[in-house]
Protein chains: 2
Amino acid sequence: MGRNCRFTAAVHVCAVLAHHPGEDLTSETVAASLNTNPVVVRRLLAALGAAGLVRSKRGSAGGYRLARAPGAIDLAAIALAVDDDDGPAFAPNPPSPVCIVGRFIQPVLAEFIERAETARRAELARVTLADVMEKLRAEA
Amino acid sequence: MGRNCRFTAAVHVCAVLAHHPGEDLTSETVAASLNTNPVVVRRLLAALGAAGLVRSKRGSAGGYRLARAPGAIDLAAIALAVDDDDGPAFAPNPPSPVCIVGRFIQPVLAEFIERAETARRAELARVTLADVMEKLRAEA
DNA sequence: CTCCTTCGTAACAGACTAGGTTACCAATTC
DNA sequence: GAATTGGTAACCTAGTCTGTTACGAAGGAG
């Protein structure tokens, strides 16, 4: 499965919550829209909660709701909450330090990759959950 | 392993070839710098060759060399050659079409994600293999 | 106060991915 | 023709992720 898998699922979860403002939705309700298991949704919501994007309430009549207005939640925040960003990934084996290439390729590449990832995040930050909801309603 | 793994390895391979201009390097030589198996390197080089970035020669005294000057190879081309880009990845299970969110979230998100990936690729396209080699030599 | 609902999380099974390895054929040079 | 090297298939292994079950913690309903 691709790397955006958790991210797209997390946005889906947030969109479901945004579609029912002021209500507490159970993980089972959200899981029905995702067509998956409630525990999978709870795992996503735990990450979103740790990032301060959603609030949860336990017990009877409990559930999840957005912690902020949809216009104050951008896609970069969701991606940051869900995709544990460990920086650029290199091969499991460290390169041979004998050659100049092997010795310095990783930090050099890491800088260029980080620059590209920053550009990607900036583009995601331009889109809020409210924008997503607007596009969703335009499609329907 | 992260998604950039094949990409970083491919850039490493190209950098090794660029460090020995006019020579044909065997997969075993390149693999020594990567500290991995020759077959893994050959798989990477096969993808790079299909994209027209490297040329191979079989038989005795055969090997690989860059097909263009390092200044004419940018990181976006390497990423495109190696990372089979299947577009945004969604959850294995299709969302429930009962709700508006589940029915239209995927195409809406795909557009926003594609915009972000385009920004990332554009940043990678600004860096050529010659830039990488220059930075490498500056570090040494 | 007790029970029921729901979140929070650990633990485990299954599918899938990717790297590593071996093996063998094709092509090229000497 | 023999040796070398790329090209590629087949398989093994390790790691990751989803899905599932299970159980404890928290909070409301009666």
Side-chain angles (χ1 to χ4, degrees), chain A residues 1-10 12-13 17 23-32 34-51 53-67 82-86 89-96, chain B residues 1-10 12-13 16-17 23-32 34-51 53-67 81-86 89-96:
Chain A
M1 240 61 66
R3 187 184 173 200
N4 291 110
C5 188
R6 280 173 62 87
F7 168 59
T8 54
H12 189 162
V13 167
L17 296 184
E23 294 180 44
D24 285 305
L25 301 185
T26 70
S27 60
E28 193 173 353
T29 301
V30 179
L34 278 260
N35 197 17
T36 184
N37 195 286
V39 178
V40 176
V41 172
R42 269 180 267 172
R43 281 201 278 245
L44 286 173
L45 281 160
L48 293 169
L53 301 181
V54 303
R55 294 166 50 88
S56 65
K57 205 165 60 175
R58 294 214 239 192
S60 219
Y64 301 89
R65 69 174 62 191
L66 293 179
V82 167
D83 293 339
D84 17 68
D85 218 329
D86 301 332
F90 294 102
N93 301 339
S96 164
Chain B
M1 239 60 66
R3 188 183 173 199
N4 292 112
C5 189
R6 278 172 64 86
F7 168 59
T8 54
H12 189 163
V13 167
V16 171
L17 296 184
E23 294 179 44
D24 284 305
L25 302 185
T26 70
S27 60
E28 193 174 352
T29 302
V30 179
L34 279 256
N35 198 19
T36 184
N37 195 286
V39 178
V40 177
V41 173
R42 270 181 266 172
R43 282 203 277 244
L44 285 174
L45 281 160
L48 293 170
L53 301 181
V54 305
R55 294 165 48 91
S56 65
K57 205 165 59 174
R58 295 214 236 191
S60 221
Y64 299 89
R65 68 174 62 190
L66 293 179
V82 167
D83 292 341
D84 16 70
D85 217 330
D86 301 333
F90 294 102
N93 302 339
S96 163

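Heavy-atom basis, side chains included; hydrogens, waters and symmetry copies ignored. In the text below, chain A, chain B and the rest are named by the order of the sequence lines, each starting its count at 1.
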K.L.:
Summarise how protein sits on nucleotides 20-30 of chain C as a single string, 5' to 3': B when a protein heavy atom is under 4.0 Å from the base, S for sugar-phosphate-only contact, - for no contact.
P.N.:
BBB---BBBS-
K.L.:
Using the C1' atoms of the five pairs at each end, what is the angle between the end axes of the helix from dC1(C)-dG30(D) to dC30(C)-dG1(D), to 10°?
P.N.:
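Overall, the helix from dC1(C)-dG30(D) to dC30(C)-dG1(D) bends by 10° from one end axis to the other.
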K.L.:
Can you name the residues that form a side chain to side chain contact (heavy atoms under 4.5 Å, CB included) with Ala61(B), not counting sequence neighbours?
P.N.:
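Side chain to side chain contact (heavy atoms under 4.5 Å, CB included) check on Ala61(B) returns nothing, list empty.
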K.L.:
So, the side chain of Asn35(B) versus the backbone of Ser96(A): is there a donor-acceptor pair under 3.5 Å, distance only?
P.N.:
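Side chain of Asn35(B) to backbone of Ser96(A): no pair is present.
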K.L.:
Between dT5(D) and Thr26(B), is there an OP1 or OP2 to side-chain N/O distance shorter than 4.0 Å?
P.N.:
no
K.L.:
Could you check how far CG of Leu25(B) sits from P of dT4(D), rounded to whole Å?
P.N.:
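Interatomic distance, CG of Leu25(B) to P of dT4(D): 18 Å.
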K.L.:
With sequence neighbours excluded, tell me which residues meet side-chain hydrogen bond (donor to acceptor under 3.5 Å, both in side chains) with Arg42(B).
P.N.:
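Applying side-chain hydrogen bond (donor to acceptor under 3.5 Å, both in side chains) to Arg42(B) gives Ser27(B).
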K.L.:
Roughly how many Å is it from CD in Glu28(A) to P in dT20(D), rounded to a whole number?
P.N.:
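About 13 Å, once rounded to whole Å.
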K.L.:
Please list, chain by chain and in numerical order, all residues satisfying side-chain hydrogen bond (donor to acceptor under 3.5 Å, both in side chains) with Asp24(A), sequence neighbours excluded.
P.N.:
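Counting only residues at least two positions away or on another chain, Asp24(A) forms a side-chain hydrogen bond (donor to acceptor under 3.5 Å, both in side chains) with Lys57(A), Arg65(A).
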K.L.:
How long is the line joining OH of Tyr64(B) and P of dT5(D), in whole Å?
P.N.:
12 Å
K.L.:
Does a side-chain N or O of Ser56(A) approach OP1 or OP2 of dT6(C) to a distance below 4.0 Å, or not?
P.N.:
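Negative; the distance criterion is not met.
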K.L.:
Calculate the interatomic distance between Arg6(B) atom CZ and dG19(C) atom P; express it in whole Å.
P.N.:
6 Å
K.L.:
What pairs with Thr29(B) under side chain to side chain contact (heavy atoms under 4.5 Å, CB included), at least two apart in sequence or on another chain?
P.N.:
Thr26(B)
